[in-house]
Amino acid sequence: MKSASYEDLMNNLKYLSKKELDKISKAFLCASNLHKGQKRQSGEDYVSHPLTVAFILSEMKADSDTICAALLHDTIEDTDITKDKLEIMFNKDIATLVDGVTKISKMNFSSREEQVATNTRKIITSLDEDVRIVIVKLADRLHNMRTLDFKSEFKQKENALETMEIFVPLAYYLGAYQLKNELEDLSLKYLKPNKYHEIQAIMEKTSPELNEITEEMLSEMNELLEQHDIPFELVARIKNVYGIYKNISKGKKLADIHDLLAIKVIVNDIKDCYLTLGAIHSKYNPLNSKFKDYIAMPKTNMYQSLHTTVFGPGDYLVQTQIRTSQMNLVNTYGLTAYWDLNKENAKSTMQKELKSKFQFFKLLTEINALTSDNQEFVSQVKSELFNGSIYVYTPKGDIIELPYGSTPIDFAYKIHTDVGNTMVGAIVNDNPEAIDYILQNKDRVKIITDPLSFGPRAEWQEKVHTMKAKRLIREFNR
Ligand code: MN
């Protein structure tokens, strides 16, 4: 992947005003002067790196302060400039963003574990200060991963592992799927090169057949939607290498991956989403178990779409993903898209969305408040968030996200402290279950409470998985 030039960047920024573009030109000049004479390991001028990071963010339609911060993101660390000077030359937000990105990478501790833990905590807590720090850091990581060939094999593996452990989950929780998918593929390429190339070879062999199916499906759907008078746009996508790898390593065959080929149908409004669904089901037989309504019930990272896997041409399974163009923007770029949709103050818009809509943020804040030990913080975040989650329903159908291994007691405390403290039993999918039953994806959970209960017994600490529930039980018994 080639580096972006200044012209590439400017061409991509047509959505900004003249005044904002002037600020960005100034940031570019400043960065090129400061990095003058510095080279990347590829031999290119150093400034090509911040320029490409800014370019990646321009594709996400980031606001002008984020673009400036991307251009300047390595200046505090690698040159003589200070945060205060940046604030005088630009503004407070840009200075804070650059400083935040710098703090994440610049740390020296005696033990590597402690360094990694402190760094990870810094990344995660900077979400609270300004989520754009993490977004710049993600774009920085993406460019570094794209150019990893120039590093030693040890560095490659180390970076790829850290990317999988921290940056991929962050991109997922922020809903930035495009970034997440590329980071996953690049990590796999360095962590398991043989598997990566094996899957690439399989895909190359299958691609003529797959292309044919895609063309046929696209033309059929074109005709179908025109018949129904629904304005639409169609985009085909093949699952990323990492996604295919995960399925194959579970023993699936390529043909059994129900969303190997997906067709995105982008329409004007929600009404048209459901009309499109009806039209598709009138023509193709759906695979019943694979229908999902993420419009009525968004994923906890705010992903919205209707998914239905149908028997397509040649009996191939094809997943159709039906969404509005706004949803598509959010599904592709995640939280960054909210600024673009509102075109208001980027920072306050994005912080407000993060705090009100994204469940993972509340959990991070809770874990952060519960422990001062960095290694404990990171291991808790990994076990409660980054190792994957289950999604269960309240009796009203609200979706609650919990870590694998959670029990009804964890669920009760997630709902409210009082619910946990007065809990006497649990009904799961209409059946009474033990309070330490391990919850499964899609369980419906109802907690039985009794105001006269004796409250949680100290032994319950052993029956829970989340740090919050453990602490509340301990406090109750003190
Ligand atoms: Mn950098």
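Position 1 is the first residue of the sequence, and the numbers go up from there. In each ligand, atom 1 is the first atom listed, and ligand 1 is the first ligand listed.
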Taking atom types as modelled, is there a side-chain donor on Tyr245 or Asp185 under 3.5 Å from an acceptor on the other?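 Absent: no donor and acceptor within the cut-off.
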Determine the sole option in Thr96, Asp65, Thr336, Asp63 for which the side chain to side chain donor-acceptor pair (under 3.5 Å) test with Arg132 is passed.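 Single pass found, and it is Asp63.
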For the Mn ion (ligand 1), how many protein N, O or S atoms come closer than 2.8 Å?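 Step by step: take the Mn ion (ligand 1), keep protein N, O, S below 2.8 Å, and you get 4.
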Could you tabulate the donor-acceptor pairs under 3.5 Å formed by side-chain atoms of residues 195-205, not counting sequence neighbours?
from   : atom 1 : to     : atom 2 : distance (Å)
Tyr196 : OH     : Gln200 : NE2    : 3.4

Can you label the angle between the His49 ring and the His73 ring as parallel, tilted or perpendicular, going by 30° and 60°?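 The arrangement is perpendicular - the two ring planes meet at more than 60°.
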side-chain hydrogen bond (donor to acceptor under 3.5 Å, both in side chains) with Lys39: which residues, sequence neighbours excluded?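 In terms of side-chain hydrogen bond (donor to acceptor under 3.5 Å, both in side chains), with neighbours along the sequence ignored, Lys39 is linked to Asp45.
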Got a list of side-chain donor-acceptor pairs under 3.5 Å for residues 83-90, not counting sequence neighbours?
none

